[in-house]
Amino acid sequence: MSKLWGGRFAQSTNQFVEQFSASIHYDARLYPWDIRASIVHCRMLARQEIISQAEAEAIVQGLQRVLAELDAGQLPFQVSLEDIHMHVESRLKALIGPVAGKLHTARSRNDQVSTDLRLYLREQVDALRQGLRAMQQALLDLARQHVETILPGMTHLQNAQPVSLAHHLLAYAEMLQRDHARLGEIRQRINQMPLGSAALAGTPFPIDREWVAEQLGFAGVCRNSMDAVSDRDFAIELAAACALMMVHFSRFAEELVLWSSPLLGFIELPDAFCTGSSIMPQKKNPDVPELVRGKSGRVFGHLMALLTLMKALPLTYNRDMQEDKEPLFDTLDTVQSCLRAMTELIPGITVHRETMLRAAGAGFTTATDLADYLVRKGIPFREAHEISGRTVRLCIAQNCTLDTLPLAAMQQIDARIAADVGALLTLSASVNARRSLGGTAFATVLAALDAFQDILNEEILATC
Ligand code: ARG
């Protein structure tokens, strides 16, 4: 078959090279955006009188037929046609004849592929942001049931201070809030149109790039034709934002794995999201969080692949850049599926409040409250810390907890400790003492939860 670019070639392409260089098996997913951009480009050519109205009409109708064929899965792919752009154009030619060749006036695959990719990514970003909102809502719903559920807050994976479970869950909602904002910023840079840059230098035809951009919903046009066809920053920063999302998901996943282990027994995961063991009948394994944790690795790898792909490439387009798609597409597919898995799993979590509460009491987690009590008596914090530490040591020796250690024993360590300390050393007193902005007191957490819910509700209203 003769190539659409075959004019200067005397030999046909090596068959292995055709396979080696084809991208159709992965870039086929760009077809809806490829055709949409082609239709607008074609209408612009007619508006600018670069082609006739009749020609444009024939091309647009032909493109719509190609679109329908692709939607129906009726267009066979062949490596000799390289990529999706060539498939569309060659099918168009088969349908409407040589006039199809006018579509590629004032355009190159270099500005075309970047335009398609940006249109596709723009939708992907919007879907990711929606997915983040859904996961946030799942976290908020669970948090609302657990404002007064206490678990041990940890540092170094050691019991540190008791906290509200809702506070812990809201920490993840905050991370996703930053992810959401980050994607919003990246979207603005994705949403600039390269089309009209042609191969690299612009075009002699009197095109109207602004009109095309407006029709395609782009916020503006890329200002430098050479940058436009060689820039993949937008893809890399999206991959980086996805990697960071996976960092967040993997931390949450890891906590679910830990919490659901019989070692802690804080939660039970829904059966539908776990699997058993083929040999140990008692096992219920947290596969979904484990896979989310594990899939972070491939997303980080894709980010590295994209950075390495673009490093030191001379301007402008290089065929290397075709390799941007697989890592990028797999990144998006992976992050989307992890978002979905997490969002659907969260409502099925059963929380064992009593176990969490018991664990929160272990490890003298109210020792800071004792020190804070002494500070309020005028003792410098460092000295108060020392006194509280000695009290913990005594508890360890006597195998009791801070709130069960007899007052007399405490007073032997420091006479300034009085009976009023008792009420401060319980877990709920400790949690509720932390009323500072951003702290874990029940009332503070409830207010934070309401404020967060308002943000999500306002957005729902704004999009209605
Ligand atoms: N399939 C190519 C890619 O994804 C499209 C651009 C090809 N341009 C070219 N000059 N060979 O990069």
Side-chain angles (χ1 to χ4, degrees), residues 1-9 11-14 16-38 41 63 66 70 75-93 100-101 103-124 190 193-203 222 225-236 238-239 302 305-333:
M1 176 196 300
S2 71
K3 302 279 191 223
L4 291 167
W5 40 255
R8 62 99 65 223
F9 287 79
Q11 275 184 350
S12 57
T13 315
N14 175 304
F16 168 70
V17 170
E18 284 192 333
Q19 274 191 14
F20 182 72
S21 54
S23 55
I24 185 61
H25 50 288
Y26 50 84
D27 67 17
R29 74 163 79 186
L30 293 176
Y31 81 82
W33 298 277
D34 188 74
I35 292 178
R36 199 167 130 206
S38 285
H41 176 71
L63 283 169
V66 179
L70 278 158
L75 194 70
F77 297 144
Q78 47 200 104
V79 289
S80 58
L81 284 174
E82 288 185 41
D83 57 24
I84 188 59
H85 324 295
M86 292 304 208
H87 275 77
V88 171
E89 197 181 321
S90 121
R91 183 62 191 147
L92 183 67
K93 192 172 167 201
L103 172 62
H104 214 52
T105 313
R107 184 177 83 168
S108 144
R109 270 189 293 163
N110 299 347
D111 56 346
Q112 186 180 0
V113 70
S114 176
T115 302
D116 295 358
L117 197 56
R118 286 166 180 265
L119 287 170
Y120 166 73
L121 293 182
R122 190 174 71 185
E123 279 192 30
Q124 288 288 309
I190 289 175
M193 190 188 74
L195 202 62
S197 301
L200 77 160
T203 170
C222 301
S225 64
M226 296 182 77
D227 177 47
V229 294
S230 59
D231 166 36
R232 292 294 181 273
D233 294 6
F234 62 91
I236 295 176
L238 179 55
H302 292 328
L306 289 169
L307 286 166
T308 312
L309 172 67
M310 295 308 294
K311 175 190 176 287
L313 278 187
L315 296 184
T316 53
Y317 178 82
N318 299 271
R319 189 63 180 269
D320 315 42
M321 288 154 71
Q322 178 168 294
E323 291 286 314
D324 61 358
K325 288 170 204 64
E326 281 172 295
L328 197 51
F329 294 166
D330 187 65
T331 293
L332 294 163
D333 294 347

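Below, each value reflects all heavy atoms present in this structure, side chains not excepted, and no hydrogens, waters or symmetry copies. Both counts, for ligands and for their atoms, begin at 1 and track the order of listing.
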Exercise. So, do His87 and Phe77 have ring centers that fall under 6.0 Å from each other?
Worked result: yes
Exercise. Under the 3.5 angstrom rule, does the side chain of Thr115 hit a backbone N or O of Leu195 as a donor-acceptor pair?
Worked result: yes
Exercise. In terms of side-chain geometry, is the basic nitrogen of Asp116 or Lys325 positioned less than 4.0 Å from the acidic oxygen of its partner?
Worked result: no
For this session: Look at Arg232 together with Glu323 and state whether they make a salt bridge at an N to O cut-off of under 4.0 Å.
Result: no
Problem set entry | Point-to-point distance, once rounded to the nearest 0.5 Å, from CG of Asn110 to OG1 of Thr316 | 6.5 Å
For this session: Report the residue from His104, His85, Glu82 that forms a side chain to side chain donor-acceptor pair (under 3.5 Å) with Arg109.
Result: Glu82
Polar pairs, ligand 1 vs protein, N/O only, below 3.5 Å.
| from | atom 1 | to | atom 2 | distance (Å) |
| --- | --- | --- | --- | --- |
| ligand 1 | 1 (N) | Asp83 | OD2 | 2.9 |
| ligand 1 | 1 (N) | Gln322 | OE1 | 2.9 |
| ligand 1 | 4 (O) | Lys325 | NZ | 2.5 |
| ligand 1 | 8 (N) | Asn110 | OD1 | 3.0 |
| ligand 1 | 10 (N) | Asn110 | OD1 | 3.1 |
| ligand 1 | 12 (O) | Tyr317 | OH | 2.3 |

